[in-house]
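Okay, so here's the structure we're looking at.
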Amino acid sequence: MQRIIDFFLGNKLRLLFWFYLLIGIGLTTSQNLYFKSSYLNTSGQISGGIHLFFSGIGDYFSLAAENKFLSEQNKVLLERLTALEKPGLNQNPAELKKNFEYINGRILKNSFTGIDNYLTLSLGKKDSVFTDMGVVNEKGLLGIIEFSGNSFSTVQSILHSKSKINVKVKGTDYFGSLIWDGKKPNRVQLTDIPDLAPIKKGDTIISGGMSSIFPENILIGTVEDFELTAAKNYYLIQVRLFNDMQNIGPVYVIKNRFKKEIKAVENNSDE
Amino acid sequence: MNRELPIYLPIKVILLILIQAFIFSKMALFGFISPMIYIILLYIYPTHKNRSLWITWGFLFGLCLDILLDTLALHATVLVFMAYLRPKVMRVIFGLNFEQKSFRIQQAPIAQRYAFIATAVFLHHLVYFGLEAFSWSKWMLVLEKTFTTGLFSFIFSLLLITLLSPKKK
């Protein structure tokens with residue numbers, strides 16, 4: 001017994017080091033979703049308040065730029081509205097009701113220099129924002145909500161090593177997956193487009209609409225460069241984002257009204 | 001006279017967390033570099049204090065940053081690793097001087113001090129990005145990020161140390 005006690009006392013420092021190191025590695029690499037979500041939720045609730053305070057101060061300095069941005073956006077929306085209001089179009093309000101609803105919010109904390117990037121969003125369950133909803137801004141797609149707390153949520157950015165978003169080349173029916181190689185925050189990669197597809201530089205990439213998270217036709221970026229993969233059957237396409245991930249501005253969470261029904265149908269067909 | 005009052009350290013540490021979380025982590029030099037300057041904690045924390053306490057502080061300090069930056073426990077893990085390794089690195093760089101009780105890093109020759117910061121930044125970034133990627137297949141990316149981010153962390157750390165260190169009379 002004495003020896004055991006001596007061993008622990010003699011190696012106190014080393015044991016303490018391993019203890020903290022294992023806790024740290026365990027927390028960082030945990031694959032347990034329940035644990036991870038509750039941990040990120042708790043930390044999000046604490047840091048959300050602090051970030052809210054600091055971004056409140058910072059917001060005053062960008063008011064002019066934001067006003068300009070909002071008035072430009074208003075102009076675009078008004079133009080679209082007048083185009084829609086042309087006589088002859090069916091304007092029955094029941095039919096105008098869309099599948100997707102937008103909730104507006106803002107980003108409190110933005111990251112884009114890591115390998116796995118997350119954003120903190122000012123909306124949570126109390127604003128009816130839940131896990132697996134899409135987040136976009138005026139210029140395009142930003143990410144998917146990974147965990148939603150009561151008043152803040154964590155968004156998995158498209159700049160994340162596990163991000164995989166269904167997209168297509170505008171004007172064609174070729175679908176692929178959007179991933180990120182972890183290098184430049186303004187460039188993402190498009191894979192799984194077959195070599196038959198007529199790709200050229202400058203083509204626009206938009207969301208595919210194959211999932212219940214994002215509607216079709218949300219802007220993403222343009223083709224900057226492309227090459228055939230080693231297997232020669234698919235392209236690896238470099239896509240330049242329309243969005244400036246360093247300067248995001250106001251954002252919108254997309255809520256699919258029929259998500260539950262879609263999920264139920266999918267689950268039934270799996271059985 | 002009493003330039004190293006213990007009360008200064010907690011203030012410096014809190015300042016360091018805030019500066020890192022709200023200035024440097026929001027920075028994006030060339031679009032993708034956010035310097036990690038909190039590594040100077042390894043420089044400003046006294047050397048011959050209780051080492052178990054020092055490792056515990058490293059962990060807690062890192063965890064505060066992790067909570068602010070949504071990085072799970074990345075910073076905490078790396079800081080524990082660096083806190084444990086610090087005396088070993090110091091022994092290599094400062095040699096026999098380090099063994100003396102009166103040793104103070106601020107009084108070491110300038111070349112040795114820079115070498116220490118550079119080594120600390122390199123080791124810290126390598127472990128940090130390695131742990132963040134957590135896969136051998138991304139070793140090129142890890143090295144690339146270590147060197148690019150490391151260079152700027154080093155430069156900013158030197159500037160901050162100059163700012164934070166007491167004036168010489």
Side-chain angles (χ1 to χ4, degrees), chain A residues 12-30 35-36 39-40 42-48 50-51 53-55 57-58 108-120 146-147 152 154-157 159 161 181-187 244-247, chain B residues 17-18 21-36 50-60 62-81 83-85 87 127-135 138 140-142 144-145 148-149:
Chain A
K12 198 172 71 178
L13 196 70
R14 194 163 298 161
L15 288 170
L16 199 68
F17 164 69
W18 281 110
F19 173 71
Y20 284 133
L21 198 70
L22 288 179
I23 293 183
I25 293 178
L27 280 171
T28 312
T29 57
S30 164
F35 168 75
K36 209 170 157 182
Y39 176 79
L40 270 182
T42 323
S43 78
Q45 298 302 309
I46 302 169
S47 66
I50 304 174
H51 282 291
F53 174 75
F54 278 93
S55 81
I57 298 171
L108 298 176
K109 198 220 81 194
N110 179 13
S111 84
F112 41 82
T113 52
I115 295 169
D116 293 333
N117 294 296
Y118 291 96
L119 316 170
T120 306
E146 187 158 318
F147 309 112
F152 303 105
T154 309
V155 182
Q156 188 192 78
S157 165
L159 306 181
S161 64
D181 61 4
K183 286 178 184 163
K184 289 192 173 167
N186 57 3
R187 197 185 293 147
D244 176 4
M245 292 304 280
Q246 301 167 31
N247 185 10
Chain B
I17 294 179
L18 293 179
F22 294 102
I23 298 176
F24 284 96
S25 291
K26 294 196 173 183
M27 224 182 223
L29 300 163
F30 305 107
F32 66 100
I33 295 173
S34 288
M36 287 189 267
N50 183 341
R51 283 187 61 199
S52 321
L53 199 68
W54 157 232
I55 288 187
T56 310
W57 273 122
F59 186 76
L60 291 178
L63 212 58
C64 286
L65 268 179
D66 284 321
I67 286 172
L68 283 175
L69 299 173
D70 281 340
T71 40
L72 296 161
L74 260 175
H75 292 288
T77 316
V78 184
L79 263 180
V80 165
F81 181 76
Y84 183 72
L85 220 64
V127 178
Y128 179 89
F129 289 117
L131 203 61
E132 191 184 18
F134 209 65
S135 118
K138 291 186 188 142
M140 257 314 272
L141 182 66
V142 171
E144 230 172 76
K145 287 197 99 76
T148 47
T149 311

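Note that the structure is predicted; figures quoted are calculated from it, not measured.
- Note: B:L53 CG to A:L13 CG = 11.0 Å, rounded to the nearest 0.5 Å.
- When heavy atoms are compared at a cutoff of 4.5 Å, A:D181 approaches chain B solely by way of its backbone atoms N, CA, C and O.
- Side-chain contact check for B:F59 versus A:I23: some heavy-atom pair is nearer than 4.5 Å.
- The CG atom of B:L63 sits 7.5 Å away from atom CG of A:L27, with the distance rounded to the nearest 0.5 Å.
- In terms of non-hydrogen atom pairs under 4.5 Å with chain A, the most contact-rich of B:T77, B:V142, B:V78 is B:T77.
- The closest side-chain heavy-atom distance from B:F81 to A:Y20 is not below 4.5 Å.
- With a 4.5 angstrom heavy-atom cutoff, B:T56 touches chain A via backbone and side-chain atoms both.
- Ranked by heavy-atom pairs shorter than 4.5 Å toward chain A, the options B:L69, B:I33, B:D66 are led by B:L69.
- Of the two parts of A:S161, only the side chain, counted from C-beta on, holds a non-hydrogen atom closer than 4.5 Å to a non-hydrogen atom of chain B.
- For A:L108, the part lying near chain B is the backbone, with the side chain staying farther off; criterion is any non-hydrogen pair under 4.5 Å.
- When heavy atoms are compared at a cutoff of 4.5 Å, B:A133 approaches chain A by way of both its backbone and its side chain.
- What you find for B:V80 and A:L21 is that their closest heavy atoms are CG1-N, 4.2 Å.
- Interface residue A:Y118: only side-chain heavy atoms are found under 4.5 Å from chain B.
- Distance CH2/A:W18 to CD1/B:I55: 11.5 Å, rounded to 0.5 Å.
- Taking CH2 from B:W54 and CG from A:L16, the interatomic distance works out to 13.0 Å, rounded to the nearest 0.5 Å.
- Between A:G182 and B:K145 the shortest heavy-atom distance is O-NZ, 3.9 Å.
- Residue B:A73 comes nearest to A:G24 through the heavy atom pair CB-O, 3.8 Å, listed as atom of the first residue, atom of the second, then distance.
- Side-chain atoms of A:K183 never come within 3.5 Å of backbone atoms of B:L141 as a donor-acceptor pair (strictly under, hydrogens ignored).
- A distance of 9.5 Å separates CZ in B:R51 from CZ in A:R14, rounded to the nearest 0.5 Å.
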